[in-house]
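Hydrogens, waters and symmetry mates play no part in the numbers below; they use all other heavy atoms, side chains included.
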Amino acid sequence: MEYDARPAPWRVGLPVNEVTSPPPVASGAFYTVETFWTAAGVAVTVLVGLLAMWTAFRSTHPKRRLNYTVSHSPLVQPCVDGSLEIRWNGTLLTDPHLVQVVLTNPGRRDIASEAFDRGEPFQVDLGVPCLELLRTETSPGAARAPQVDVCGSRLSIGPGLIGCGTTITYLLLVDTAPVYDCRHSLVDVKVQQVSVTPPRRTDRPPLTRTP
């Protein structure tokens with residue numbers, strides 16, 4: 001049997017003008033297709049809109065933040081000959097230390113009293129008895145510090161308003177080097193402990209007894 005090498009339409013007896021040709025294939029790169037660029041434009045528009053909405057939300061609802069530091073230092077340098085005595089209300093102190101607790105609101109939004117969940121205060125447990133709260137300072141000076149209470153080894157701060165840009169410093173007296181444990185119940189407030197930069201060491205002359 002002789003093989004017919006003619007195209008299929010001729011072999012099956014179909015008229016040449018009735019043969020359909022496949023659609024042309026695009027010869028350009030995919031990124032030249034109009035549909036692709038339309039979809040890309042829509043995606044970019046959506047992303048820009050979402051970014052604008054997020055920026056507007058953050059500007060009108062800034063995150064509330066509270067930084068705190070706790071540090072301590074000896075009240076005086078040790079006296080070599082033991083001739084120096086420090087007493088508090090008549091009680092001889094063996095190793096007096098000053099403890100400094102600093103709260104700072106660096107954000108652009110006040111921390112209201114309602115932010116203290118169930119009215120529970122910000123607590124600093126020093127692990128040793130607090131003898132006395134010596135001083136409370138605020139910056140700026142017109143700012144008011146939240147209520148504070150000293151009981152046993154604990155310093156309880158708040159609830160109370162801590163305004164934006166406000167720094168509150170508490171200075172306490174203890175008779176032993178403390179160990180800190182800080183707890184809080186603040187809601188929707190990012191609380192972060194900030195490390196204390198150690199002061200530059202300076203050589204101090206030893207204490208001498210005046211005859």
Side-chain angles (χ1 to χ4, degrees), residues 64-107 111 113 115-163 165-187 189-210:
R64 291 180 293 183
R65 296 185 294 159
L66 180 68
N67 296 342
Y68 72 92
T69 60
V70 184
S71 60
H72 68 276
S73 60
L75 180 62
V76 295
Q77 297 297 325
C79 186
V80 177
D81 60 3
S83 59
L84 178 65
E85 291 185 353
I86 299 178
R87 296 178 180 272
W88 175 78
N89 287 344
T91 302
L92 178 64
L93 303 182
T94 58
D95 189 19
H97 279 68
L98 293 177
V99 179
Q100 183 173 264
V101 179
V102 182
L103 302 183
T104 303
N105 179 0
I111 299 175
S113 301
F116 292 81
D117 186 32
R118 300 184 301 275
E120 296 182 0
F122 185 100
Q123 293 187 347
V124 181
D125 192 337
L126 302 177
V128 296
C130 298
L131 301 181
E132 187 175 350
L133 175 62
L134 301 176
R135 186 170 66 248
T136 300
E137 295 180 350
T138 60
S139 177
R144 296 184 60 183
Q147 63 182 11
V148 63
D149 180 62
V150 177
C151 182
S153 62
R154 292 185 179 181
L155 171 69
S156 300
I157 305 170
L161 174 68
I162 304 178
T166 298
T167 297
I168 308 169
T169 303
Y170 303 94
L171 189 65
L172 304 100
L173 176 66
V174 298
D175 193 24
T176 307
V179 179
Y180 320 128
D181 181 23
C182 300
R183 300 183 180 183
H184 72 90
S185 61
L186 292 167
V187 178
V189 179
K190 182 180 180 181
V191 180
Q192 182 177 6
Q193 182 177 8
V194 180
S195 59
V196 180
T197 303
R200 180 181 299 178
R201 183 175 180 179
T202 57
D203 295 331
R204 299 180 180 180
L207 294 174
T208 58
R209 185 175 183 179
T210 302

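To the nearest 0.5 angstrom, I111 atom CD1 is 4.0 Å from N105 atom CG. In this structure, the separation between CD1 on I168 and CD1 on I157 is 7.5 Å, given to the nearest 0.5 Å. For the atom pair OG1 of T69 and CD of Q193, the computed distance is 8.0 Å after rounding to the nearest 0.5 Å. Here the CD1 atom belonging to I86 is positioned 4.5 Å from the CG atom belonging to L75, to the nearest 0.5 angstrom.
Side chains of T166 and T104 form no contact here, defined as non-hydrogen atoms less than 4.5 Å apart. Considering only heavy atoms from C-beta on, L126 stays 4.5 Å or farther from L155 through its side chain.
Contact detail for P74 and H97: the closest heavy-atom pair is N-CD2, 3.6 Å. Between V189 and L186, the shortest heavy-atom distance links the atoms CB-CB, 4.0 Å. In terms of heavy atoms, P159 sits closest to S113 at CB-O, 3.9 Å.
None of V102, V191, V194, V101 except one satisfies the side chain to side chain contact (heavy atoms under 4.5 Å, CB included) rule with Y68; the exception is V191.
In terms of modelled atom types and a separation under 3.5 Å, the side chain of D175 and the main chain of D95 share a donor-acceptor contact. Side-chain N or O atoms of S185 include one that pairs as donor or acceptor with a backbone N or O of E120 at under 3.5 Å.
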Could you list the donor-acceptor pairs under 3.5 angstrom formed by side chains in residues 130-144, with sequence neighbours left out?
from, atom 1, to, atom 2, distance (Å)
E132, OE1, W88, NE1, 2.9
R135, NE, E137, OE2, 2.8
T138, OG1, A143, O, 3.0

**OP:** Step by step, work out the side-chain contact (heavy atoms from CB on, under 4.5 Å) result for T169 and L171.
**Re:** CA-CA 7 Å; T169 303; L171 189 65; 5.7 Å; no

Original post:
Should D125 and Y180 be marked as a side-chain contact (heavy atoms from CB on, under 4.5 Å) after you check the CA-CA gap, both sets of side-chain angles, and the distance that decides it?
Top reply: CA-CA 6 Å; D125 192 337; Y180 320 128; over 6 Å; no

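Partners of Q123 under the side-chain contact (heavy atoms from CB on, under 4.5 Å) rule, at least two apart in sequence or in another chain, are P121, R154, S156.
Ring geometry, H184 versus F122: the interplanar angle falls under 30°, so the pair is classed parallel (tilted spans 30 to 60°).
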